[in-house]
Number of protein chains: 2
Amino acid sequence: MMDTAGENTRARLVEAAREVFAEHGFQGATVREICRRADANVAAVNYHFGSKHGLLSEALNFNRLKALQSATESSDASPEERLRAFIMDFMLMLLDEDNASRQCQMMARELADPSPALDKIVVEAIAPLHEFLGRLVKEVAARKMMDADVRRCVYSILGQCLFYRNSHPVLQRMNPTLHYDRKEIEAIARHIADFSLPALRAVK
Amino acid sequence: MMDTAGENTRARLVEAAREVFAEHGFQGATVREICRRADANVAAVNYHFGSKHGLLSEALNFNRLKALQSATESSDASPEERLRAFIMDFMLMLLDEDNASRQCQMMARELADPSPALDKIVVEAIAPLHEFLGRLVKEVAARKMMDADVRRCVYSILGQCLFYRNSHPVLQRMNPTLHYDRKEIEAIARHIADFSLPALRAVK
DNA sequence: CAAGATATCAAACGCCTGTTTGAAAGTAAA
DNA sequence: TTTACTTTCAAACAGGCGTTTGATATCTTG
């Protein structure tokens, strides 16, 4: 059994796939481009993963997102502070430009143009995320809320967060100097929390 | 000069193109599928519009969105009421499932995977929309606000609205009975307004 | 009607896609 | 070294893509 060369190209393929899928989405990505970046032969994808879809499935990974949720849940800060902290970490994950957390970008891509992998993403990552945020919203509101209202508050928070990622091409065109450095991301996260908390407190 | 047959296939192509572009995005749409739905020959697209891009450019139309803005601006209701009304009309336009306003769906598609037409969309539709919302936000807040804060409030409102469209495939998978009928859309719009207004009033 | 412009069509072109193939290279154990 | 197995590779495959072509209808105008 090999380990150095074989496992290396496998790992390199997965990493390159994350890059290319995040940039171009599943449809827009080509296995030739992935193999070029991984410095591997075109046939390598089908040899190691069976198909382009198999590679996508392997490239999807929600560890970072899950870790973020459990970190927030095990905190003993006030519900408001936990929501603030979650939004901050979530935005850092979403907008960090040169880090390795391309999973969120891939997920955002999947939303725009679903492939068969979306079912896996929904069950393993998005549904738990929504439930987690629903619990947090109820804690912050500290009132009896109907499920539909809780859900919509979750949508409002997530919608604000995802906007910066989904609309990035547009925002960049309208404001060419836009750049998501650490300070800017923190300001955005602070705004989203400041915008959302009054609404949650005002829930009737 | 012809008018019945010739103009007919031209118009049928534009209409079919709106359908297909809205469903699959520019990349995912094929001219063969468009021509099939328009009951036209494959060569018709290049004959009438020069290229697939030319057809996209022709299919883009922002009349409905512009009309919505001027209707809101010429109203003499209070700023809060005008914001409520705008959100309602905007959501009706975004989520209406079987109407002819596929322009917004096409625009949302463009955001996810920009084509050269995005520049036109930004300049002609999105930038004016953001400016319009910025003025409305300032009126509602009725306080001096920094430009960056105004902008972020606009993002918060638009983000909430667009979430329902962008994340529709996911929401449908998590809640299979989800259906955007008139009543549901009105409830969503009311929620977004109720969620956003306390935040705008609380602006410091 | 005849001439000429306009529109439609089947067929093909060149390119790119994901995938397959069969041979070559590399590795591990007997 | 021989044997068996895994991994890499260049090349090709079949199919879909946007676009072009040249012939054929269809219609307008003199």
Side-chain angles (χ1 to χ4, degrees), chain A residues 1-60 106 109-110 112-118, chain B residues 1-60 106 109-110 112-118:
Chain A
M1 179 181 285
M2 81 298 108
D3 53 329
T4 61
E7 284 300 329
N8 266 346
T9 66
R10 227 192 108 97
R12 267 184 289 124
L13 278 173
V14 171
E15 187 50 37
R18 292 200 174 118
E19 274 187 35
V20 181
F21 285 142
E23 283 175 27
H24 302 102
F26 181 75
Q27 250 201 124
T30 70
V31 325
R32 279 173 173 82
E33 167 73 4
I34 293 171
C35 290
R36 204 184 52 72
R37 292 204 202 180
D39 205 16
N41 187 275
V42 219
V45 163
N46 291 276
Y47 176 76
H48 285 286
F49 307 97
S51 68
K52 187 186 175 187
H53 276 107
L55 175 54
L56 172 67
S57 188
E58 195 87 1
L60 285 170
M106 291 176 61
R109 280 281 179 185
E110 277 294 316
D113 198 18
S115 84
L118 182 54
Chain B
M1 181 181 285
M2 82 297 109
D3 53 327
T4 60
E7 285 298 329
N8 266 348
T9 65
R10 225 192 110 97
R12 268 184 289 121
L13 278 173
V14 171
E15 187 49 37
R18 291 200 174 119
E19 273 187 37
V20 181
F21 284 142
E23 282 175 29
H24 302 103
F26 181 74
Q27 249 200 124
T30 71
V31 325
R32 280 174 173 83
E33 168 72 5
I34 292 171
C35 291
R36 204 184 52 72
R37 293 205 201 179
D39 205 16
N41 187 275
V42 220
V45 163
N46 291 277
Y47 176 75
H48 285 287
F49 306 97
S51 69
K52 187 186 177 187
H53 276 107
L55 175 53
L56 172 67
S57 188
E58 197 87 359
L60 285 169
M106 292 176 60
R109 280 280 179 186
E110 277 294 317
D113 198 18
S115 84
L118 182 55

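Please read all numbers here as calculations on a predicted model, not as lab measurements. All heavy atoms count here, side chains included; hydrogens, waters and symmetry mates do not. Numbers restart at 1 for each chain; the letters A, B, ... are given by sequence-line order, proteins then strands.
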- How long is the line joining CZ of Arg10(B) and C1' of dT8(C), in whole Å? 16 Å
- Query: Is there a donor on the side chain of Asn41(A) or the base of dA10(D) sitting less than 3.5 Å from an acceptor on the other?
  - Reply: yes
- Report yes if at least one side-chain N or O of His48(B) is closer than 4.0 Å to OP1 or OP2 of dT6(C); otherwise report no. no
- Quick one: Leu56(A) CG to dT19(C) P, roughly how many Å, whole number? 12 Å
- Atom CG of Leu13(A) to atom P of dT19(C): distance rounded to whole Å? 13 Å
- Task: May I have the distance from Phe49(B) (atom CZ) to dA7(C) (atom P), rounded to whole angstrom?
- Result: 12 Å
- Query: Rounded to whole angstrom units, what separation is found between the OH atom of Tyr47(A) and the C1' atom of dA25(C)?
  - Reply: 13 Å
- Query: Ile34(A) versus Lys52(A): any side-chain heavy-atom pair under 4.5 Å?
  - Reply: no
- Query: Of all residues at least two apart in sequence or in a different chain, which pass the ring-ring contact (aromatic ring centres under 6.0 Å, His included) check with Phe26(B)?
  - Reply: Phe21(B), His53(B)
- Task: For residues Asn41(A) and Cys35(A), report the shortest heavy-atom separation together with the two atoms involved.
- Result: O-SG, 3.3 Å
- Over all heavy atoms of both residues, which pair between Leu56(B) and Met106(B) is shortest? Give the atoms and the distance, please. CD1-CE, 3.7 Å
- Task: Might you point out which heavy atoms bring Val14(B) and Leu55(B) nearest each other, and give the distance in Å?
- Result: CA-CD1, 4.2 Å
Show me the protein contacts with nucleotides 15-19 of chain D, counting only N or O atoms at under 3.5 Å.
from, atom 1, to, atom 2, distance (Å)
dG18(D), OP1, Ala29(B), O, 3.3
dG18(D), OP1, Val31(B), N, 3.4
dG18(D), OP1, Lys52(B), NZ, 3.0
dG18(D), OP2, Val31(B), N, 3.0
dG18(D), N7, Arg32(B), NH1, 2.7
dG18(D), O6, Arg32(B), NH2, 3.0
dT19(D), OP2, Asn46(B), OD1, 3.4
dT19(D), OP2, Lys52(B), N, 2.8
dT19(D), O5', Asn46(B), OD1, 3.4

- Message: For the helix from dA3(C)-dT28(D) to dA30(C)-dT1(D), what angle separates the axis at the start from the axis at the finish, each from five pairs, in steps of 10°?
- Response: 10°
- Task: Figure out the CD1/C1' separation between Ile34(A) and dT17(C), and round it to whole Å.
- Result: 13 Å
- Note on the structure: For Glu23(A), the salt bridge (Lys or Arg N to Asp or Glu O under 4.0 Å) test, sequence neighbours excluded, returns Arg37(A)
- Message: Are the side chains of Glu58(A) and Leu13(A) in contact, using a 4.5 Å heavy-atom criterion?
- Response: no
- Item | Which residues share a side-chain contact (heavy atoms from CB on, under 4.5 Å) with Thr30(B), sequence neighbours left out | Arg32(B), Glu33(B)
- Not counting sequence neighbours, which residues clear side-chain hydrogen bond (donor to acceptor under 3.5 Å, both in side chains) with Gln27(B)? List them please. Asp113(B)
